[in-house]
Amino acid sequence: MSNKEQNKLPEIFGCNVFNDATMRERLPKETYKALKKTIDEGASLDIKIAEVVANAMKDWAIEKGATHYTHWFQPMTGMTAEKHDSFISPTSDGRVIMEFSGKELIKGESDASSFPSGGLRATFEARGYTAWDCTSPAFLKEDANGMTLYIPTAFCSYTGEALDKKTPLLRSMEAISKQALRILRLFGNNTAKKVITTVGAEQEYFLVDKKLYQKRTDLIFTGRTLFGAMAPKGQEKEDHYYGSIKERIAAFMQELDLELWKLGVPAKTKHNEVAPAQYEIAPIFDTTNVATDHNQLIMDTLKKVADRHGFACLLHEKPFAGVNGSGKHNNWSIATDDGHNLLKPGKTHHENMQFLIFLTAIIRAVDLHADLLRLSAANAGNDHRLGANEAPPAIISIFLGEELTEILEQIEKGQNISAKKREFLEVGVSTLPQMRKDTTDRNRTSPFAFTGNKFEFRMVPSSASISGPNVVINTIVADVLCEIADELEKAEDFNKAVINILRRIIKQHKRIIFNGNGYSKEWVEEAKKRGLPNIKSTVEAIPALISEKAINLFEKHKVFSKTELYSRYEILLEDYINTVKIEAKTMIHISKRQIIPALIKYSTQIAQSISAISNVGDFNTSTQEELLKEITDAMAEFKEKLKILEEALEKAKEIEEDSYKKAKYHYEVVCKSMEQLRKVGDYLETLVDEKIWPMPTYSELLFRI
Ligand code: ADP
Ligand code: MG
C-alpha cells in the first residue's frame with residue numbers, strides 16, 4: 001500500500017459499497033426513508049420505491065465503471081454463485097441505453113436445475129428465483145471481468161422452498177428476534193423494534209507456493225494432501241504462532257486488507273497461526289447475514305489475492321496431517337436494534353436477571369440440541385480435526401469461566417435455603433462482577449466458550465459457509481426463549497418466576513458446562529458419564545437433521561419445512577460421498593501414475609548400483625541391498641493396499657438404494673482403506689531419494705516461502 005492509499009483509507013473503506021451513506025446521498029429523501037424502513041423493520045418493499053433505488057444504484061455503478069450486474073447467491077454447494085447480465089437495453093434505432101429496473105433489482109430468475117436440491121427438484125419446478133436481501137448492501141467487484149454490481153440475494157424454488165444457505169438464515173434471524181423481543185418486553189423494554197444476532201468469524205487458512213501447489217495433484221483435486229510424510233520440524237516449537245510476518249506474506253496481507261476494505265469488509269486482525277504456513281484473518285463483527293456474506297467474500301478474496309502473489313490459499317480443514325488444521329471461530333451474540341448487547345452482564349439487579357435469562361437460555365439450547373450444533377460443524381474435512389487430537393473436541397460443551405459458573409452454582413443452591421442465604425444470593429447476583437475479558441477467555445479448548453460478551457463457537461469448518469451453524473444457534477436459542485416467554489407471560493410473580501426458571505435450567509443443564517481441558521482423555525470419560533454425546537464423524541452427525549425433535553423445532557419457528565430438511569439431509573450425504581470418492585480416486589491416480597513409477601525407478605537405480613559395484617570387485621553393497629529389500633517389500637505392501645482401496649471403491653457402486661448406507665460405507669470402508677494406503681506411502685517417502693519422489697514434500701510446502 002502506498003502512503004497515498006494509506007492516507008485515503010477512510011475514503012477507500014466501503015468505496016465499492018452501496019452503503020447507507022451512499023444511499024442517503026443518492027436517493028430522494030422519501031425513497032431513502034422507505035428503503036430504510038424495509039431494511040430496519042423488515043417491511044415489504046414497494047415496487048415504485050424499488051424502481052427509484054434501482055436507478056440510483058445503476059447510475060452509481062456505471063459512474064464507477066460497471067457494465068454488468070449479478071444476483072449473487074449462496075446455493076447448497078457452500079460456495080457463491082452468480083450470473084452476469086449487462087445493463088444494456090436496445091433501442092429502436094439500433095443503439096443501446098443502460099437500464100436497470102426495480103423488478104430486476106428485487107427478483108431474478110435462475111435455472112435451479114444444476115444446483116443441489118436434494119430431491120426438491122423432483123417435486124417442484126426446476127426454475128428458481130433470487131430475491132434481493134436488502135439488509136446486506138449491494139457492492140461492486142472488480143476483477144478480470146471488469147466492474148460488476150453484486151446484489152446479495154436469497155435463492156428459492158418457485159414454490160418458495162429454500163435452495164440456498166441464506167434463506168434459512170434470514171428466517172432464523174426473524175425467529176430469534178421475535179422470541180427475544182417477547183423477553184425484552186417482559187423486562188420492560190418497550191423501545192427495541194427488533195433483536196439482531198451479531199457474528200464475527202475468524203478465518204484460518206494456509207498459504208503455499210503456487211508452483212509447488214501445481215505439482216500436487218491431491219491439493220488441486222481435493223484441497224488437502226493425501227500423502228505426505230511429516231517434515232523433520234512441525235509446530236512443536238510453536239515459533240510460528242503470532243511470529244513476525246514474512247515480507248512476502250505481509251505484502252499479500254496488505255493487498256488482501258485493501259481489497260476487503262473496498263468491499264466494505266472490516267478486516268481487522270491478521271496474524272500467523274499455530275501451524276507453519278498457517279494464518280488467520282478476522283473482521284469486525286456485523287449482523288449475522290452481513291457477516292455471512294462477508295465471510296464468503298473473505299474466502300473468495302483470499303484465493304484471488306493469493307493467486308496474484310504466487311500463492312495458493314488452502315481453506316481445507318486439514319490440508320496437512322501432523323500439524324493443526326483450520327477452522328473458523330464463529331463469535332456470536334445477540335443485541336437490540338439500538339446496539340445493546342444482551343450477552344453483556346449488566347450493572348443493576350434487573351439487567352443481570354435479564355442477562356442471566358439469555359445466558360441460561362443458551363445453555364439449555366446447547367444442551368438440548370448438541371446434536372444439531374455438532375452437525376452444523378460437520379463436513380468430511382472436519383472429520384480429520386474434531387476429536388482427532390486437535391482443536392476442538394467432538395463433544396459439545398460450554399465454557400463459562402469460574403466467575404460465572406460460581407454465580408450459577410449460587411443461584412442453583414438458593415433453592416430451599418434460609419432467608420438470610422437467599423438475600424446473599426440476591427446480592428450475589430445483583431453485584432455480578434464486571435467480567436474481565438482476560439479471565440473469561442483463557443480456555444482455548446472449549447468448542448462453545450463464553451468470552452465476556454459473546455459466545456465463540458470454535459468447531460466451524462474453515463471451508464464452509466457460516467450460515468449453517470448460525471441457523472442452528474439462532475433457532476435453538478429462539479426455541480428456548482419462546483418456552484421461557486410462554487412461562488413468564490403467565491407468571492403472577494415475575495421475579496420469582498425468573499429465579500425459578502434460572503434454577504431449573506441450571507439444575508437440568510449444568511452437565512454441559514465444562515471449564516477444564518477439552519482435549520484431555522479424562523474429559524472424554526467424564527463427558528460420557530455426564531451423558532453428553534460424542535459424535536465422532538459427519539456420517540454419524542447427519543441424521544440429527546431429520547430427527548423428530550429437529551423437524552418439530554425447525555417447523556415451529558418456520559426456519560425449515562420437513563421437506564426442506566429431508567432435502568438438506570440428502571445433500572449433506574451426497575456431498576460427503578462425493579468428497580470421499582474424489583479423494584479415493586485421486587489417491588489411486590497418484591499411486592499408480594506417480595508413486596509406483598517413482599518407486600520402480602529408484603529401486604532399479606539401486607539394483608543397478610549393486611550390480612555395477614559387484615562387477616568391479618568384491619565390495620560391500622549391504623546398504624543398497626538392505627535398502628532395496630526395504631523398498632521392494634514396502635512397495636509390495638503398497639500395491640496390496642492400493643488394490644484394497646480400488647476394490648472398496650468398486651464395491652461402493654453396488655450400494656445404490658440408500659444414501660445413508662452408502663455414506664456410512666464410504667466412511668467405514670473407503671476412508672479406512674485410504675488411511676492404510678497412505679501409511680505405507682508415507683513410509684516409502686522417507687526411503688526414497690528426494691529428487692525422485694514425484695511431488696513436493698511437506699518440508700517444501702510448509703517451510704519454503
Ligand atoms: P479473540 O477470539 O482472538 O480473543 P476478539 O475478542 O478480538 O478475538 O474477537 C474475535 C471476533 O469476535 C472479532 O471478529 C470480533 O469483531 C468479534 N466480536 C466482538 N464482539 C462481538 C459481538 N458482540 N458479537 C459478535 N462478534 C463479536
Ligand atoms: Mg477466537
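In each ligand, atom 1 is the first atom listed, and ligand 1 is the first ligand listed. Counting from 1, the numbers follow the sequence of the chain as shown.
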Run the numbers on Gln278 and Ser326 for side-chain hydrogen bond (donor to acceptor under 3.5 Å, both in side chains), then give the verdict.
CA-CA 8 Å; Gln278 192 187 27; Ser326 300; 3.2 Å; yes

Short N or O distance, [X] and ligand 1, threshold 3.5 Å exclusive:
X: Ala201; result: no
X: Glu202; result: yes
X: Asn453; result: no

At a 4.0 Å threshold, what atoms of ligand 1 neighbour a non-hydrogen atom of [X]?
X: Ile284; answer: 16 (O)
X: Pro283; answer: 13 (C), 14 (O), 16 (O)
X: Gly200; answer: 14 (O), 25 (C), 26 (N)

Passes side-chain hydrogen bond (donor to acceptor under 3.5 Å, both in side chains), Asn289 versus Thr292? Steps please.
CA-CA 5 Å; Asn289 60 324; Thr292 306; over 6 Å; no

Cut-off 3.5 Å, side chains only: do Asp133 and Ser136 have a donor facing an acceptor?
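No.
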
Ligand 1 versus [X], non-hydrogen atoms closer than 4.0 Å: side chain, backbone, both, neither?
X: Asn341; value: side chain
X: Lys268; value: neither
X: Glu456; value: side chain

Member of Ile505, Ile506, Thr360 meeting the side-chain contact (heavy atoms from CB on, under 4.5 Å) criterion with Ile411
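Only one of Ile505, Ile506, Thr360 forms a side-chain contact (heavy atoms from CB on, under 4.5 Å) with Ile411, namely Ile506.
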
Between Gly518 and Thr445, which heavy-atom pair has the shortest distance, and what is it?
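Closest approach of Gly518 to Thr445, heavy atoms only: N-OG1, 2.8 Å.
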
Relative to the ring of Phe554, is the ring of Phe560 parallel (under 30°), tilted (30 to 60°) or perpendicular (over 60°)?
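Perpendicular.
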
Compute the minimum heavy-atom distance from Lys454 to ligand 1 and say whether it is under 4.0 Å.
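So Lys454 counts as touching ligand 1.
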
Between Asp479 and Lys556, is there a side-chain N and carboxylate O pair less than 4.0 Å apart?
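Here Asp479 pairs with Lys556 in a salt bridge, since their nearest N and O are under 4.0 Å apart.
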
